[in-house]
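Throughout, protein chains are lettered first and strands after them, A, B, ... in sequence-line order, and every chain is numbered starting at 1. Computed from a predicted model, the values in this text were never measured in an experiment. Atoms considered below: every heavy atom in the structure, side chains included; atoms not considered: hydrogens, waters and symmetry mates.
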Amino acid sequence: MAPRDGLAYDADGRLLIDVRGPRFGAAITTAVLAVALVVQGPVGVALVAFQTVVFAVATVLGLAWSPYGTLFRVVKRRLDLGPPPATEHEGPPRFAQACGLAVAGAALVLFALGASTAGWIAVGVVLALSTLLATTGICVGCELYLLAERTRRRSAGPRTAAETEGAR
Amino acid sequence: MTPLVLRLTLVLLLLAAVTLAGWWWNRRDGRVRRADDDATTRVAADHLDAVGLDLAGADAGAVLLGSPTCTPCVAVERVLRELSADRPGFRWVKVDAADHLALTEAHKVLRVPTLLVVDGDRRLLARTSGVPVAGDLAAVLDGDEDREGAAA
């Protein structure tokens with residue numbers, strides 16, 4: 001994806017985001033999924049579908065295009081929240097969005113198959129993880145990013161000593 | 001209870017339970033866990049060679065396992081720089097955990113940042129996950145390095 005105006009990138013062209021953004025987004029996700037889980041029915045399923053689309057946009061296009069991230073930037077400007085206390089690479093939070101997409105997508109498939117109880121349990125899992133990020137700042141999907149990277153690199157074969165030396 | 005009220009109650013319970021669990025986890029995060037006195041775990045010499053930590057003539061050393069995208073790792077590095085500034089016998093390195101799978105597996109490192117603190121003889125003194133408080137780490141280092149010295 002081409003760089004988006006007004007956003008910060010590091011020297012390698014990787015997006016740097018405000019660390020407050022994912023937590024803000026998780027709060028909205030929590031609200032959407034909590035209401036969905038309480039009301040259930042067609043309205044609940046529609047809310048889950050909406051949230052799944054939000055996850056998909058952030059995963060596929062990157063956090064520069066994340067709907068809740070964009071909303072955060074608007075809120076930040078309006079309320080004058082000041083400069084970011086710290087920035088982080090988009091990799092781990094984007095991976096977390098992909099995890100959300102996988103489980104919320106699985107919930108939609110279960111609804112389509114008529115297994116609505118199983119579907120709502122899957123929604124409950126996403127709700128629990130987004131609540132955790134919103135209220136305590138712990139991003140489980142971000143922690144999983146390391147495990148995913150390890151698996152990816154291991155299957156790509158171990159690096160040679162010379163490569164490791166060069167990377168340091 | 002109508003189903004709606006029941007579901008509302010369950011959702012609120014879920015939110016409360018998750019928040020409580022996260023609060024407990026955050027309290028634990030960064031806590032310095034000292035190795036048991038009776039159990040002597042050493043970090044293998046070839047693992048230290050691989051990460052580039054040379055303990056020859058050092059009193060203590062530390063390996064910070066991080067990743068290129070890890071924000072808290074930067075905070076741990078700041079703590080380590082602070083500690084090594086007034087401790088010439090303390091050496092530390094930062095490496096990408098994904099490049100040192102043998103070390104991470106030997107010491108069951110599941111997340112970054114993880115810090116392994118060893119003495120000059122490769123004995124594991126303590127480990128932390130998350131961002132440790134500088135004073136807690138200083139206590140570990142000075143307990144074995146500067147037993148009779150004034151408290152830092």
(message) Please rank B:Val112, B:Leu10, B:Asp29, B:Thr9 by heavy-atom pairs under 4.5 Å with chain A and give me the top one.
(response) B:Val112

(request) Return the option, out of B:Leu12, B:Val11, B:Thr104, B:Leu6, with the maximum number of heavy-atom pairs under 4.5 Å with chain A. (result)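 If we count pairs closer than 4.5 Å to chain A, B:Val11 comes out on top.
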
(message) Can you tell me how far apart CG (B:Leu110) and CG (A:Leu144) are? Round to the nearest 0.5 Å.
(response) 11.0 Å

(request) Could you tell me the separation between the CG atom of B:Leu8 and the CG atom of A:Leu37, rounded to the nearest 0.5 Å? (result) 10.0 Å

Please flag which part of [X] lies under 4.5 Å from any non-hydrogen atom of chain B: side chain, backbone, both or neither.
{"X": "A:Ile138", "answer": "side chain"}
{"X": "A:Thr135", "answer": "side chain"}
{"X": "A:Glu88", "answer": "both"}

(request) Take atom CZ of A:Arg78 as the centre, draw a 6.0 Å sphere, and report whether it contains more than 12 heavy atoms from other residues, nucleotides or ligands. (result)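 At most 12 heavy atoms, drawn from other residues, nucleotides or ligands, come within 6.0 Å of this atom.
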
(message) Are more than 12 heavy atoms, taken from residues, nucleotides or ligands other than B:Arg33, located less than 6.0 Å from that residue's CZ atom?
(response) yes

(message) Is B:Leu15 in contact with chain A via its backbone, its side chain, both, or neither, using a 4.5 Å heavy-atom distance?
(response) both

I'd like to know if [Y] and [X] are part of one continuous hydrophobic network [Ile/Leu/Val/Met/Phe/Trp/Tyr, side-chain heavy atoms within less than 4.5 Å].
{"X": "A:Tyr68", "Y": "A:Val75", "result": "yes"}
{"X": "A:Val123", "Y": "A:Leu110", "result": "no"}
{"X": "A:Val19", "Y": "A:Phe24", "result": "no"}
{"X": "B:Val95", "Y": "B:Val74", "result": "no"}
{"X": "B:Val43", "Y": "B:Val93", "result": "yes"}

(request) For chain B, find which of A:Thr30, A:Leu133, A:Thr131 contributes the most heavy-atom pairs closer than 4.5 angstrom. (result) A:Thr131

(message) Using side-chain heavy atoms (C-beta onward) and a distance below 4.5 Å, is A:Thr136 in contact with B:Val18?
(response)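 Of all side-chain heavy-atom pairs linking B:Val18 with A:Thr136, none is under 4.5 Å.
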
